[in-house]
Amino acid sequence: MGPEHKFPAAVEDSWAALMWAYKHAAEIGGDPKKIAVSGDSAGGNLAGVMALMARDAGEPKLSLQSLVYPVGDYTLSSESYQTYGKGFGILTADAMKWFQKHYLNSSEDAEDWRASPLKAKSFAGTAPAIIVAAECDVLVDDGKAYADRLKADGVQVDYRLYEGMIHAFFGMAPDIDGAVQAQIDVSEALKEAFRGD
């Protein structure tokens, strides 16, 4: 993790973990044909990048990418940074600048699709996706843009916008009804993705 280990260390670690899980799935009681990537916020960023890398490498063939309010673009330039940048929970526009500074080596890194997956040339051929977005979140535009790009490139995507929710709401179950519903929605998407042969 940054700042001790900056970009692309987290990407490389995530890829190593994904490939280990794929190659050793049978040893740990798993199925190498039923693997998904999932994460929220910075983890959603890494999950999306893993889906792109798996497509490019030709393996593993992922069943699903579950992206919960993912960071799609580390240039931090979408309109939602202005709309929800202050006063809407723990993740502010200033906090994102702090994270950006500690994760990236320089502003040039934000142009690399492995840091900003929305900068990828194409999403065609990546795993089907469920994207969870919180309405009152600096990252809400990133989630919508991600869903739009996936759809435009022919990837099946289930985009879910949870009205009135803030960043990090997904982990607020059972206290927040929206969090309970979001977790159910992601669980059902995973069950459906793993249902085939």
Side-chain angles (χ1 to χ4, degrees), residues 1-11 13-14 36-52 65-120 129-150 157-187 189:
M1 293 181 69
E4 294 82 6
H5 305 282
K6 292 193 171 191
F7 174 81
V11 173
D13 282 355
S14 296
V37 289
S38 183
D40 70 270
S41 197
N45 168 283
L46 290 169
V49 172
M50 291 306 100
L52 288 160
Q65 51 181 318
S66 167
L67 313 179
V68 178
Y69 31 76
V71 179
D73 184 351
Y74 263 109
T75 64
L76 315 182
S77 55
S78 69
E79 187 177 318
S80 55
Y81 280 93
Q82 301 300 317
T83 308
Y84 301 111
K86 189 174 182 181
F88 291 90
I90 61 170
L91 189 63
T92 63
D94 286 343
M96 279 301 297
K97 290 175 188 171
W98 188 88
F99 290 130
Q100 177 197 53
K101 177 182 172 185
H102 285 77
Y103 180 51
L104 304 181
N105 299 286
S106 68
S107 59
E108 287 76 31
D109 283 347
E111 299 302 321
D112 187 321
W113 66 265
R114 296 171 303 154
S116 298
L118 281 171
K119 305 264 183 199
I130 181 169
I131 297 180
V132 168
E135 179 189 14
C136 304
D137 182 2
V138 294
L139 299 177
V140 67
D141 287 353
D142 282 20
K144 181 66 167 72
Y146 218 111
D148 290 346
R149 285 286 310 280
L150 287 166
V157 59
D158 180 2
Y159 173 74
R160 304 282 180 115
L161 176 65
Y162 297 82
E163 294 182 1
M165 295 295 105
I166 60 171
H167 191 81
F169 85 97
F170 191 78
M172 296 178 184
D175 298 321
I176 304 295
D177 290 344
V180 172
Q181 188 59 55
Q183 289 186 13
I184 290 170
D185 293 342
V186 169
S187 296

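Taking the side chain as every heavy atom from C-beta outward, Q82 and V138 never approach each other to under 4.5 Å. The shortest side-chain heavy-atom distance between L52 and P117 falls under the 4.5 Å cut-off. Taking the side chain as every heavy atom from C-beta outward, L104 and K6 never approach each other to under 4.5 Å. Contact check for D112 versus K119: no side-chain heavy atoms found under the 4.5 Å cut-off. Residues E135 and M165 fail the side-chain proximity criterion, which asks for heavy atoms closer than 4.5 Å. Looking only at side-chain heavy atoms (C-beta outward), D137 and Y69 come within less than 4.5 Å of each other. The closest side-chain heavy-atom distance from I130 to V68 is not below 4.5 Å. Side-chain contact between I131 and D158 is absent, with no heavy-atom pair separated by less than 4.5 Å.
Closest approach of V132 to A182, counting heavy atoms only: CG1-CB, 4.5 Å. Nearest heavy-atom pair across V140 and A133 is CG2-CB, 4.3 Å. Shortest non-hydrogen contact noted between P70 and G44 is CB-C, 3.7 Å. Between S66 and A47 the shortest heavy-atom distance is O-CB, 4.4 Å. Scanning all heavy atoms of the two residues, the minimum distance from A51 to Q65 falls at CB-OE1, 3.3 Å. Here the shortest heavy-atom pairing between S14 and L46 reads OG-CD1, 3.7 Å.
Remark: F7 CZ to Q100 CD distance equals 12.5 Å, nearest 0.5 Å. A distance of 14.0 Å separates CG of D175 from CZ of F169, quoted to the nearest 0.5 Å. Here the NZ atom belonging to K144 is positioned 13.0 Å from the OG atom belonging to S78, to the nearest 0.5 angstrom. Rounding to the nearest 0.5 angstrom, the gap separating the CG atom in L150 from the CG atom in L67 is 7.5 Å. For the atom pair T75 OG1 and E111 CD, the distance stands at 6.5 Å (nearest 0.5 Å). Rounded to the nearest 0.5 Å, atoms OH (Y74) and CG (L118) are 12.5 Å apart.
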If you apply the rule side chain to side chain contact (heavy atoms under 4.5 Å, CB included), what do you find for V11 with M50, and how did you get there? CA-CA 8 Å; V11 173; M50 291 306 100; 3.9 Å; yes
Go through it in stages, so that I can follow the logic: the residues are T92 and D94, the test is side chain to side chain donor-acceptor pair (under 3.5 Å), and I'd like the CA-CA distance, side-chain angles, deciding distance and then a yes or no. CA-CA 5 Å; T92 63; D94 286 343; 5.4 Å; no
Test Y84 against I166 for side chain to side chain contact (heavy atoms under 4.5 Å, CB included), laying out the working first. CA-CA 9 Å; Y84 301 111; I166 60 171; over 6 Å; no
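Remark: W113 pairs with no residue by the ring-ring contact (aromatic ring centres under 6.0 Å, His included) rule, at least two apart or across chains. For the side-chain hydrogen bond (donor to acceptor under 3.5 Å, both in side chains) test, residues two or more places apart in sequence or in another chain that qualify with D185 are R160, Y162, Q181. For H5, the ring-ring contact (aromatic ring centres under 6.0 Å, His included) test picks out no residue, with sequence neighbours left out. Residues forming a salt bridge (Lys or Arg N to Asp or Glu O under 4.0 Å) with D177 (at least two apart in sequence, or on another chain): none. Shown here are the ring-ring contact (aromatic ring centres under 6.0 Å, His included) partners of F99, two or more places apart in sequence or in another chain: there are none.
Every pair passing side-chain hydrogen bond (donor to acceptor under 3.5 Å, both in side chains) that includes a residue from residues 39-48 is listed here, sequence neighbours excluded: S41-H167.
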